[in-house]
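Residue indices begin at 1 and follow the sequence shown.
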Amino acid sequence: MKKLIPIFINGKKWIQLSQLTSDQVKSLKSILPVNCLKNLVFQGIELSDCLDFDTYEYWYISQQIPEQRQAVLDF
């Protein structure tokens, strides 16, 4: 799984859930607290379902651990 590159808006890093696959969105949403997704305006365009990059990065790292264990077992 490739890591997303964040968008900088008002000095903070964000990602948009629409950049992920539906399985990734489902997995990520399962750990998110209520009301953590934001609608933001970037260069005059409203972006929906934005998540702060730190939360995404935490989830991304947690997803890499099982994949690394499986790779070791496959060897």
Report whether L20 and Y58 are members of the same hydrophobic cluster (ILVMFWY, side-chain heavy atoms less than 4.5 Å apart, transitive linking). no
Sequence neighbours excluded, which residues qualify as side chain to side chain donor-acceptor pair (under 3.5 Å) partners of D49? none
Going by side chain to side chain contact (heavy atoms under 4.5 Å, CB included), C50 matches just one of I15, L40, I7. Which one? L40
Closest heavy-atom pair and its distance - W14, I9: NE1-O, 3.7 Å
Could you tell me which residues satisfy side chain to side chain donor-acceptor pair (under 3.5 Å) with Q19, sequence neighbours excluded, listed by chain and number? none
From CG (L51) to CD (E57), nearest 0.5 Å: 11.5 Å
Side chains of residues 28-37: which donor-acceptor partners sit under 3.5 Å, not counting sequence neighbours?
from	atom 1	to	atom 2	distance (Å)
S30	OG	S27	O	2.6

Residues which pass side chain to side chain donor-acceptor pair (under 3.5 Å) with Q16, listed by chain and number, not counting sequence neighbours: none
More than 12 non-hydrogen atoms from neighbouring residues, nucleotides or ligands closer than 6.0 Å to CG on N39, yes or no? yes
Can you sort out the partners of S22 under side chain to side chain donor-acceptor pair (under 3.5 Å), two or more places apart, ordered by chain and number? none
I'd like to check the side-chain contact (heavy atoms from CB on, under 4.5 Å) partners of K13; sequence neighbours left out, ordered by chain and number. P6, F8, F53
